Amino acid sequence: MGFRFGANRSDGSGEHNLRRGVLYLSIDNDFKDYFPNPIKTIISSAVSSVSGIPQSDIYQNLQEPPDSAIGDYGWPCFSLAKIKRKAPPVIAAETAGIIKPHSIIEKVSSVGPYLNFTLNQKATIQTVCENIFAQNEKYGSANIGSGKTIVIDYSSPNIAKPMGIGHLRSTVIGAALKRIYQYLGYKVVGINHLGDWGTQFGKLVAAYRRWADQKAMDDDPIKELYRLYVKIHEEAENDQSLEDESREIFKRLEEGDPEITALWRKFIAISKLEFNRLYNLLGITFESEAGESFYNDKLEHTVKFLEDKGLTKISREALIVPLDEFKLEPLLLKKRDGSSLYGTRDLAAAIYRYETYKFDLILYVVGVAQTLHFKQLFKTLELAGFEWAKDCRHVSFGWVTLGGEMMATRRGNIFFLEDVIEQTIARARAIISQGNPDLENPDEVARKVGVGAVVFSDLAVRRDTDVSFEWERMLDFDGQTGPYLQYAHARICSLIRKYGKEPDGRADYSMLKFPEEFSLAKKLLEYPDKIKSAAELNEPYIISAYLLDLAGLFSTYFQKYKSPADKIISDNSELTKARINLAWCVRVVLKSGLDILGIDALEKM
RNA sequence: GCCCCCGUAGCUCAGUUGGAUAGAGCAGCGGCCUCCGGAGCCGUGUGCGGCCGUUCAAGUCGGCCCGGGGGUACCA
């Protein structure tokens, strides 16, 4: 079976780094001294050498002044003032006098307690453009994760329920995180922890036996299973015997009852067909699809292991891991009838995954409702002596609400993901017909735009905020949307097509004198740090927000200068070269970011 | 009951882990194709639920109150 326990075995990388009494993740040090912005690196290095404050602290605290007339980067001197025991404005002024200008940093000044740095426009634009031309689609990538493995548990839908718009969150957040970490050099194992086991199957079988409509099962099996699922939950509200019956059926499934097992297989086959169709549409892939049932033969080992460690006890006829000294509810391992629970299976899964992948970090992209569950799970792993328990993270996300109410399959108030995507594709198709009827592959483009709109809607906000679903907004492709980003990308592609040559990165960047050109360069400079932050916080929306900024700056720039001399493509071939190079860099970053989010960067739309 | 999360513009959301004057999109209104794509751009108003505290500095941290939600033993 290949299943064994490696408690207390060190993998060599999992040192306990203590700061503020918090156990550091094994990958935290990977980020600490990663300074991808060359200009911030120069500034923070200079400030560090005159102040003695660690460069990483300074790098992290460099911020954009409220007005670009003050400077392009600012650093608050309060921490240094405290060390030197002088007033912050005095320290700022003194320090500004010490630090020498540089070819890129043309002015060091102070305003009140802030130390400010003004960049040279030409040197900045040139630096960033040459950087991006040199790295192309690898701009912003890194090898800080080289040799390390991250496991991400995402999507993980439950069998026999259609995928609702709510399930999309785990799926697209997890898939984006996977690409973010891969971009930083980590090996990532994406796992679809299918909900293919548990008492819910007992419920489903009970419902199937009672109310299944064979014709409906043939026509649209997933919808029929959904109907049964909702119905049994409704009926069970007033009929306790249904709950008991369901538990009994699940127990027999766990014991291998052939008839129930056959039904179970049938339900899984139906669901997987539907899931795979959606995964294809969304471009989602996994390295492993070991679902809950996969661990069925490993549960006894797990339970016995915990028993041998003396962590368990019987309470109210159930086998539990008491956690009250940590102010947590107990983790239930076995019901009174001996059957397993999701906690049992998650324990076995975590251990199996560590044994199999030797991960440096494992992320569970699961809704916020399961916060307590993961606290219990991680604490139990810690108590069992697994030092990697500190490398387990619940990456939670908020609810999808509908008119202020939580969407939940059981309540029956969900929208089917497939229906939603169909609608957005249809909307995209309509816009194409109206605005760009000569497009050669309108259906393909409509599909990519529609999917992009849906995916982006879930990646555009912080994970933990609940998102309210509104058709009106989902079908609106204006403003802060996926199609807006795709449109900006397509426009730049169109420009470069018109230019007719492949830009090579060489140009006289001193010719770029517009403030928007400077702003774009500075924005492009931020991209690698955004990737870093997105990984540190496990927040893909950081990339989404950044791309909106970037696309917005470009759109403004593009539309503002319309006179023949100021246009990107003008009679002045040297100037055109420089401008096209900058636009090309914007395109590279837009495409890179969209790729990471899982949205197709279109050349025409 | 106990624990956790959340209240920012009419709506949907940001706010760089405590920093300089709280920002976007949508909706509304008013403008912009002598076209490098109008799925775009420009202009225009209102806001941190309330009170007290911590300190040089609070939308951000702490306490209490009000309001909304979630979790809380055999569902996941």
Side-chain angles (χ1 to χ4, degrees), chain A residues 60-67 70 74 76 78 81 87-88 111-114 156 158 195 197-200 202-203 233 243 246-247 292 315-320 327-337 339-343 345-346 366-373 375 396 398-399 401 404-406 410 428 431-432 434-436 449 453 460-462 464-468 470 472-473 476-481 483-484 486-488 490-499 529 533 537 541-542 545 548-549 552 555-562 567-570 576 580 583 604-605:
Chain A
Q60 198 185 339
N61 283 319
L62 283 175
Q63 50 198 263
E64 202 180 330
D67 181 349
I70 297 172
F78 301 102
V111 176
Y114 291 88
S156 310
N158 290 320
W197 207 246
T199 309
Q200 55 180 343
K203 284 209 169 90
H233 275 94
E243 296 277 358
S246 301
R247 275 193 284 269
E292 289 191 71
S315 168
R316 302 184 215 170
E317 295 178 73
L319 185 68
I320 69 166
K327 296 193 174 126
L328 292 172
E329 299 291 314
L331 178 73
L332 271 74
L333 292 174
K334 280 187 172 184
K335 304 182 207 170
R336 76 177 114 242
D337 67 8
S339 62
S340 69
L341 287 121
Y342 66 124
R345 300 188 284 275
D346 265 348
V366 180
V368 69
Q370 294 195 37
T371 300
L372 173 60
H373 166 67
K375 281 184 182 164
S396 63
W399 297 85
T401 64
E405 267 200 17
M406 307 296 143
R410 284 180 220 171
I431 292 174
I432 291 168
Q434 209 197 356
N436 198 354
V449 171
V461 297
R462 302 174 46 121
D464 275 317
T465 50
D466 296 342
V467 299
S468 73
E470 290 157 33
E472 195 189 344
R473 206 148 32 84
D476 181 1
F477 297 169
D478 295 338
Q480 301 173 336
T481 65
Y484 175 87
Q486 291 171 313
Y487 184 74
R491 264 206 311 207
I492 298 174
C493 290
S494 171
L495 258 179
I496 293 171
R497 275 197 304 274
K498 186 181 176 191
Y499 179 66
D529 269 324
S533 299
L537 302 171
Y541 97 94
I542 287 177
L548 287 172
D549 278 354
S555 297
T556 297
Y557 169 59
F558 180 82
Q559 210 126 216
K560 178 170 175 180
Y561 299 105
K562 290 184 170 172
K567 282 163 35 171
I568 292 174
I569 297 175
S570 67
T576 298
I580 279 286
K604 293 180 183 175
M605 62 187 277

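Order of the sequence lines sets the chain letters (A, B, ...), proteins ahead of strands, with each chain counted from 1. All of these numbers come straight from a predicted model, not from anything done at the bench.
- Going from atom NZ of A:Lys203 over to atom P of B:A76 covers 9 Å, rounded to whole Å.
- Nearest to the side chain of A:Gln200, among B:A76, B:G71, B:A20, sits B:A76.
- Residue contacts shown for A:Phe78 include a base, since a base heavy atom lies under 4.0 Å away.
- Between B:C36 and B:G45, the distance separating the two C1' atoms is 35 Å to the nearest Å.
- Taking atom P in both B:A9 and B:G53, one finds a spacing of 26 Å when rounded to whole Å.
- Look at B:C36: its glycosidic torsion is beyond 90° from 0, and that puts it in the anti range.
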Protein within reach of the bases, or only the backbone? For nucleotides 29-42 of chain B, mark each nucleotide 5' to 3' as B, S or -, using heavy atoms under 4.0 Å. -------BBSBBSS

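- B:U44 sits 16 Å from B:A24 when the C1' atoms are compared, rounded to a whole Å.
- Of the residues near RNA chain B, A:Asp476 and A:Ile70, the one whose nearest nucleotide (by heavy atom distance) lies more toward the 5' end is A:Ile70.
- With sequence neighbours left out, A:Lys560 forms a salt bridge (charged side-chain N to carboxylate O under 4.0 Å, His left out) with A:Glu516.
- The salt bridge (charged side-chain N to carboxylate O under 4.0 Å, His left out) search around A:Glu472 returns none, not counting sequence neighbours.
- Taking atom CG on A:Asp464 and atom P on B:U17, their separation rounds to 18 Å, with Å as the unit.
- Between B:C3 and B:G43, the two C1' atoms lie 50 Å apart (nearest whole Å).
- For the residue pair A:Ser468 and A:Thr401, no side-chain donor N or O sits within less than 3.5 Å of a side-chain acceptor on the partner.
- The side chain of A:Ala369 has B:G71 as its nearest neighbour among B:G71, B:A20, B:A73.
- The separation of B:U72 from B:U60, taken at their C1' atoms, amounts to 29 Å, rounded to a whole angstrom.
- Pairing partner, B:C51: B:G63, with both Watson-Crick or wobble hydrogen-bond distances short of 3.5 Å.
- Looking at residues two or more places apart in sequence or on another chain, you find a salt bridge (charged side-chain N to carboxylate O under 4.0 Å, His left out) between A:Lys334 and A:Glu300.
- In a base pair of the Watson-Crick type (N1 to N3 plus N6-O4 or O6-N4) or a G-U wobble (N1-O2 and O6-N3), with each distance short of 3.5 Å, B:A24 is matched with B:U12.
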Restricting to nitrogen or oxygen on both sides, can you table the protein-nucleotides 58-63 of chain B pairs closer than 3.5 Å?
none

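- The NE2-P distance, from A:His233 to B:A76, rounds to 10 Å in whole Å.
- Counting to the nearest Å, the P atom of B:U17 and the CD1 atom of A:Ile542 are 10 Å from each other.
- To the nearest 0.5 angstrom, A:Ile431 atom CD1 is 11.5 Å from A:Asn436 atom CG.
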What is the per-nucleotide protein-contact pattern of nucleotides 7-16 of chain B, from the 5' end, where B denotes a base atom under 4.0 Å from a protein heavy atom, S denotes such proximity for sugar-phosphate atoms only, and - denotes neither? -----SSSS-

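- Taken from SG in A:Cys493 to NZ in A:Lys498, the straight-line distance is 15.5 Å, to the nearest 0.5 Å.
- Against the 90° criterion about 0, the sugar-base torsion of B:U17 places it in the syn range.
- Qualifying side-chain hydrogen bond (donor to acceptor under 3.5 Å, both in side chains) partners for A:Tyr541, counting only residues two or more places apart in sequence or in other chains: none.
- Nucleic acid contact class of A:Leu341 (heavy atoms, under 4.0 Å, all strands): sugar-phosphate only.
- Per the geometry, NZ belonging to A:Lys375 stands 12 Å off P belonging to B:C3, to the nearest Å.
- Nucleic acid contact class of A:Gly112 (heavy atoms, under 4.0 Å, all strands): none.
- Qualifying side chain to side chain contact (heavy atoms under 4.5 Å, CB included) partners for A:Ala490, counting only residues two or more places apart in sequence or in other chains: A:Met605.
- A:Asp464 pairs by the side-chain hydrogen bond (donor to acceptor under 3.5 Å, both in side chains) definition with A:Ser396, not counting sequence neighbours.
- If you take CD of A:Glu329 and P of B:C2, they are 14 Å apart, rounded to a whole angstrom.
- With sequence neighbours excluded, no residue satisfies side-chain hydrogen bond (donor to acceptor under 3.5 Å, both in side chains) with A:Gln486.
- The residue A:Glu292 sits close only to the backbone: its heavy atoms come under 4.0 Å of sugar-phosphate atoms, none of a base.
- Checking B:U17 for Watson-Crick or G-U wobble geometry (two distances, each under 3.5 Å) identifies no partner in any strand.
- For the C1' atom pair drawn from B:G37 and B:C41, the interatomic distance equals 13 Å after rounding to whole Å.
- The partner of B:G1 is B:U72, judged by Watson-Crick or G-U wobble contacts that both fall below 3.5 Å.
- Contacts of A:Ile320 with the nucleic acid, taken as non-hydrogen atoms under 4.0 Å apart, include base atoms.
- Looking at A:Asp466, its side chain never comes within 3.5 Å of a backbone N or O of A:Gly398 through a donor-acceptor pair.
- Here the separation of B:C64 from B:G70, taken at their C1' atoms, is 22 Å to the nearest Å.
- The side chain to side chain contact (heavy atoms under 4.5 Å, CB included) search around A:Ile432 returns A:Arg429, A:Leu439, A:Pro442, A:Val445, A:Ala446, not counting sequence neighbours.
- Rounded to an integer number of Å, the gap from A:Glu472 CD to B:C26 C1' is 8 Å.
- Within the shown strands, B:C42 is the pairing partner of B:G30 under the Watson-Crick or G-U definition, both distances less than 3.5 Å.
- Each of A:Asn158 and A:Leu372 was assigned the nucleotide of RNA chain B with the nearest heavy atom; the assignment lying further toward the 5' end belongs to A:Leu372.
- Nucleotides B:A27 and B:C33 place their C1' atoms 25 Å apart, quoted to the nearest Å.
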Does the pair A:Arg345 and A:Ser340 meet the rule for a side-chain hydrogen bond (donor to acceptor under 3.5 Å, both in side chains), with working shown? CA-CA 7 Å; A:Arg345 300 188 284 275; A:Ser340 69; 2.8 Å; yes

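- In terms of the salt bridge (charged side-chain N to carboxylate O under 4.0 Å, His left out) criterion, residue partners of A:Glu470 (sequence neighbours excluded) are, by chain and number, A:Arg473.
- Summarising the local packing, CD of A:Gln63 is surrounded by more than 12 heavy atoms from other residues, nucleotides or ligands at distances under 6.0 Å.
- Using a 4.0 Å heavy-atom criterion, one finds that A:Leu537 contacts the bases of the nucleic acid, with or without backbone contacts as well.
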